[in-house]
Amino acid sequence: MKVGFIGTGSMGSLLIYALIQSGALEPRQIAASNRTPSKVRQLSLRYPGLHESQSNRETVIRSNIIFLCVKPLEFKHVIDDILPVVNPNHIIVSITSPVQLRHLESSLPCKVSKVIPSVTHQVGSGASLCIHGERMTTEDRAVLEGLLSHIGRPYQVDEACTRITSDFSSCGPAFISFFLEQWIESAVKLTDIKRADACALAGEMLLGTGKLLTEGGYTPQELQARVAVPGGITAQALALLKVSLNGVFDSLIQTTHDKYDEDLLKLDELFKAGEINRQQY
């Protein structure tokens, strides 16, 4: 298997690291390209054997599966660039949530999927959200998800739920970390606890809570009931949170969806303009 990466920024480089670290791929199986060549050079020095492509087209030519790890509004330009060297057997994977399968399938002659990764793959955990195009066969899906299974749990979702599922799996680590950061800051300010101790305890707590929710059979509501004794300290603090956070998560979801809709509208315009140009010429 040969895997290519177009774009080696934050998430592209993280996927490369995770796939190599997990043993899913060897560096010699990977080709990468970036509009800033020095970024690929750094990767090739870190992972001897990784191929530094001189262009996006070279990455495609050398690969069976190609991950497009670029910003939403760069997709149309990248697709137009690589189109001459894409063949029907290629599997092209978008890791960007607003880019729709219809955008990819209408512009490319190959098999396409969308995979939304998570920063948690850096430690071999978390869910990879998978949305497969119509040209992806059962075998194709198994190959792609088999690759992803080395760095987390492949989780098939409906494209209509891309944004909300991404809020949990992809944005969630940042949201939860913000909550913990605020909690830790208050703890350090109001008590004698050391910041390092608070961070360590919070991390261990979060790890254990995740296992209880995924392996222990608890729902969030059941876990609260298990910890909070009626009339106790935890119950009183939970009552405070329920009042203080009332409506916050409605606003959070509305914010992420508004941004998603904004990006989607821009992408629709870009791909529609590309379709009109193809028809004219």
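Throughout, numbering of the chain's residues begins at 1 and tracks the sequence.
A tilted orientation is assigned to the rings of Tyr17 and Tyr47, their planes being inclined by 30° to 60°. Under the 30°/60° scheme for interplanar angles, the aromatic rings of Phe179 and Trp183 are found to stand perpendicular.
A distance-only check finds no donor-acceptor pair linking the side chain of Ser170 to the backbone of Ser118 [under 3.5 Å]. Side-chain atoms of His77 do not come within 3.5 Å of backbone N or O of Asp81 as any donor-acceptor pair. Side-chain atoms of His121 come within 3.5 Å of backbone atoms of Ile151 as a donor-acceptor pair (strictly under, hydrogens ignored). Under the 3.5 Å distance criterion, the side-chain polar atoms of Asp140 are matched with a main-chain donor or acceptor of Thr137. Without hydrogens or angle criteria, Thr96 side chain to Val99 main chain gives no donor-acceptor distance under 3.5 Å. Within the 3.5 Å criterion, the main-chain N or O of Ile253 finds a donor-acceptor partner in the side chain of His257. Under the 3.5 Å distance criterion, the side-chain polar atoms of Glu105 are matched with a main-chain donor or acceptor of Glu134. Between the side chain of Ser63 and the backbone N or O of Gly4 there is at least one donor-acceptor pair closer than 3.5 Å. A donor-acceptor contact shorter than 3.5 Å is absent between the side chain of Lys39 and the backbone of Gly9. Although no hydrogens or angles enter the test, the distance criterion places no donor-acceptor pair under 3.5 Å between the side chain of His150 and the main chain of Leu147.
Residues Ser44 and His51 have side chains that never bring a donor and an acceptor to within less than 3.5 angstrom of each other. No hydrogens or angles considered: a donor-acceptor pair under 3.5 Å links the side chains of Arg163 and Ser97. Under 3.5 Å, the side chains of Asp258 and Gln254 contain a donor-acceptor pair of N or O atoms. Inspection of the Gln156 and Glu145 side chains reveals an N or O donor paired with an N or O acceptor under 3.5 Å.
Residue Tyr260 qualifies as enclosed at atom OH: its count of foreign heavy atoms under 6.0 Å is above 12. Residue Glu204 places its CD atom among 12 or fewer non-hydrogen atoms of other residues, nucleotides or ligands, all under 6.0 Å distant. Applying the 6.0 Å contact sphere to CZ of Phe175 captures more than 12 heavy atoms from other residues, nucleotides or ligands.
Put simply, the side chain of Pro37 does not reach to within 4.5 Å of the side chain of Glu52, judged on heavy atoms. Using a 4.5 Å heavy-atom threshold, the side chains of Leu144 and His132 count as touching. Within the 4.5 Å cutoff, side-chain heavy atoms of Thr162 are placed close to those of Lys114. Here the side chains of Ile92 and Val86 are in contact, with some heavy-atom distance below 4.5 Å. In this structure, the side chains of Pro117 and Met11 come closer than 4.5 Å at one or more pairs of heavy atoms. In this structure the side chain of Cys110 never reaches within 4.5 angstrom of the side chain of Asn87, judged on heavy atoms. Under the 4.5 Å side-chain criterion, counting only non-hydrogen atoms from C-beta, Ile6 is not in contact with Cys69.
Considering all non-hydrogen atoms of both residues, Ile116 and Ser166 come closest at CG2-OG, 3.5 Å. Here the closest non-hydrogen pair linking Ala187 and Ile193 is O-CG2, 3.7 Å. Between Pro27 and Pro48, the shortest heavy-atom distance links the atoms CB-O, 3.4 Å. The minimum heavy-atom distance between Phe5 and Thr59, with the atom names listed, is N-CG2, 3.7 Å. The shortest non-hydrogen separation linking Ile16 to Leu50 is CG2-CD1, 4.0 Å.
For the atom pair Leu43 CG and Ile20 CD1, the distance stands at 8.0 Å (nearest 0.5 Å). A distance of 10.5 Å separates CZ of Arg35 from OG1 of Thr8, quoted to the nearest 0.5 Å. Leu238 contributes atom CG, which lies 12.0 Å from atom CD1 of Ile233 (distance to the nearest 0.5 angstrom). In this structure, Lys2 NZ and Ile61 CD1 are separated by 14.5 Å, a value rounded to the nearest 0.5 Å. Summarising the geometry, atom CZ belonging to Arg226 is positioned 11.5 Å from atom OG1 belonging to Thr234; distances are rounded to the nearest 0.5 Å. If you take CG on Asn34 and CD on Gln42, they are separated by 10.0 Å, rounding to the nearest 0.5 Å.
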| request: Walk me through it: do Phe75 and Ser94 pass the test side-chain contact (heavy atoms from CB on, under 4.5 Å)? | output: CA-CA 9 Å; Phe75 260 78; Ser94 162; 3.4 Å; yes
| request: Show the numbers, then the answer: is there a side-chain contact (heavy atoms from CB on, under 4.5 Å) between Gln100 and Glu159? | output: CA-CA 8 Å; Gln100 304 293 291; Glu159 189 168 32; 3.4 Å; yes
| task | Evaluate the criterion side-chain contact (heavy atoms from CB on, under 4.5 Å) for residue pair Phe271 and Ser107; output intermediate values, then yes/no. | result | CA-CA 8 Å; Phe271 279 89; Ser107 304; 3.3 Å; yes
| query | Where do Ile131 and Leu101 land on the side-chain contact (heavy atoms from CB on, under 4.5 Å) test, with the steps shown first? | reply | CA-CA 8 Å; Ile131 307 106; Leu101 291 178; 3.6 Å; yes
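A salt bridge links Arg102 with Asp268; the closest basic N to acidic carboxylate O contact falls under 4.0 Å. The existence of a salt bridge linking Glu185 and Lys189 is excluded, since no basic side-chain nitrogen approaches an acidic carboxylate oxygen closer than 4.0 Å.
Note: the hydrophobic cluster containing Leu25 also contains Ile91 (ILVMFWY, side chain heavy atoms under 4.5 Å, direct or indirect links). At a threshold of 4.5 Å between side-chain heavy atoms, the hydrophobic network of Ile, Leu, Val, Met, Phe, Trp and Tyr places Val93 and Leu104 in two separate groups.
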